[in-house]
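Here the structure is laid out as structure tokens; the discussion comes afterwards.
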Amino acid sequence: MTTETHGPVRVRFAPSPTGFLHVGGARTAIYNDLLRQKLGGAFILRIEDTDKERSDEAMTRQIQSALAWIGTVWDEGPFLQSERLPRHHERAEELLAAGKAYRCFCTPEELDAQRAEAQKKGTAFRYPRTCLRLSQEEVEARLAEGRTFAVRFRMPDDNIRFKDMVRGDMDFPPDALDDFILLRSDGNPTYHMSVVVDDIDMRITHVIRGEDHLSNTPKHIPLFQALGGEVPTFGHLPLILGPDKKRLSKRYGATSVEEFRNEGILPQALYNFLALLGWSPGDDREIMTREEMIQLFSVDRLNASPAVFDREKLLWMSSQYMARHSTAELMPHLQTFLEQAGLADADPDRLAATLELHRTRARTLKEMVEQVLPYFRESLEYDAAACAKFLKDPALPGLLETLRDRYAALPEFTKEALEAGLRALSEERGVKAGVLIHPVRMALSGAAGGPPLFDLVEVMGREASRRHLDRFVAYLRAGNAATGSPG
RNA sequence: GUCCCCAUCGUCUAGUGGUUAGGACUCUGCCCUUUCAAGGCAGCAACACGGGUUCGAAUCCCGUUGGGGAUACCA
């Protein structure tokens, strides 16, 4: 918005390990990454795993791997928030001793009833500070009875104001906030307590997080102050929406970084795409390397309005990235797809050559491998609809046999020689080159479209080409017989 | 319900009082071409609505509508 930001900064990304890394989270991590790289400082990765029932160690590893895969770089961590619980507890005790927090003996049942009441009256529920008014003696008496208590933060009575990096001036009146809980009655710190203590201890200067935290910020700011910490600069990112303008959900396909990885999206493409979902460099540039984005990045250009996730555009961007990288560069990313397709042991040169032919014809790595698979098959399925026109020409099988024989006899099996051979034959027989070209493509690939024919034949090789032409001629003849075309 | 946020082509966006409202994805057409892609060119398509402020509003203010978020002893 209008926030001047200059480095160095200490930023953090703090996911809770309750599932795969969501693209929304990935985008948050990307903006933190860009800001850190732009201004210097440190990016801290912190895993907020204090909700043990929902947290999973495997997910923690998964999130790290997803972050590393898209290309974000963190300098410190991962720190596990669960390991810092004693520290959070200790700081809460300090607040209690200093009178900045107080014990609350109200039971959840009582509070629920009060909440329901407020709901019925159509007003916002705010903790009525029942226990703040307890005298020292009353507190002692309850403690003596052995009653359990939660610890609540004593919120200040003034408006909470701050300048959000993406939304500008924010102002929350005191009646919108209440004395939230710091320590649960089982003694465990709540999320609010943990984040603020961690952000202070980790000397965080800038917090970029999702909009779902916007209403937490006016709680966190006074807590930072009460704990004697520097209040970081906040920026709240709008959520990523699905085509239905609701929060992006599984309903419309992949939502996690992991899934896009499995679909064969190049990590650089996903990084680029996500970075552009809520930020733009200000000019018309779209395809940018991380380095370029770091150069161009500015929190001032972060958008405040939510963006719809457009799968088509991601696919387009993915294809752009494949077109701009050599097959050799793509190879490491292709590995798992090659294994899945059973091509892990294929001849490397031949594999590279076929992949090269399809690099600009596929939108994902997975598609690229699928397109290349027929080159390694003994026999092919022919696209029957596209074959229909070849079946009608009784001269074609003979022509293809002649071509097959000439190709087999070629001294040099190069695309130049192959093209010369085919064109010579077409001229001799007085047919257009296309009459031969299309059936040959079908014979070798099973498809009506694809790479330039002579590249295709060369890569296919002498032996395989011969075999495929044989099979296709047989297929055509069988087809003619089947349709019972009269002599 | 209450509080908060958001609003330019279908989608991502540029635009910060005066523009023929620009670019990208998608779609359509043409060129290139042995096909499919890629690439090039062209086209379709937007300031949610209503009031102000102003000589002049996509841009500033107020409403309405629509969408989203938050309303926990979850994170």
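Per chain, numbering begins at 1; letters A, B, ... match sequence-line order.
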**Report entry** A:Lys100 side chain to A:Ala226 backbone, donor-acceptor under 3.5 Å
**Finding:** yes
Query - Sugar-phosphate, base or nothing in reach of A:Asn216, heavy atoms under 4.0 Å - result: base
Requested in this report: Could you tell me whether A:Glu419 contacts a base, only the sugar-phosphate backbone, or nothing, with contacts defined as non-hydrogen atoms closer than 4.0 Å?
Outcome: nothing
Query raised in the report: So what does A:Ser185 touch, heavy atoms closer than 4.0 Å: a base, only the sugar-phosphate, or nothing?
Result: base
Report task. Name the nucleic acid region contacted by A:Pro15, choosing base, sugar-phosphate or nothing; use a 4.0 angstrom heavy-atom cut-off, strictly under. Result -> nothing
Requested in this report: With the side chain of A:Asn303 defined as its heavy atoms from C-beta on, choose the nearest nucleotide among B:U11, B:C5, B:U13.
Outcome: B:U13
**Report entry** Ion pair A:Arg359/A:Glu329, N-O distance below 4.0 Å
**Finding:** no
Query raised in the report: Parallel under 30°, tilted from 30 to 60°, perpendicular over 60°: which one fits the rings of A:Phe273 and A:Phe309?
Result: perpendicular
Requested in this report: For A:Gly434, answer base if it contacts any base atom (sugar-phosphate contacts may also be present), sugar-phosphate if it contacts only those atoms, and nothing otherwise; contact means non-hydrogen atoms under 4.0 Å.
Outcome: nothing
Query raised in the report: Please give, in whole Å, the distance from B:U34 C1' to A:Glu416 CD?
Result: 16 Å
Query - Base B:C36 paired with A:Arg361 side chain (donor-acceptor, <3.5 Å) - result: yes
Query raised in the report: Under a 4.5 Å cut-off applied to non-hydrogen side-chain atoms, are A:Met322 and A:Leu365 in contact?
Result: yes
Query raised in the report: If you look at every strand shown and take non-hydrogen atoms under 4.0 Å, does A:Thr50 touch a base, only sugar-phosphate, or nothing?
Result: sugar-phosphate
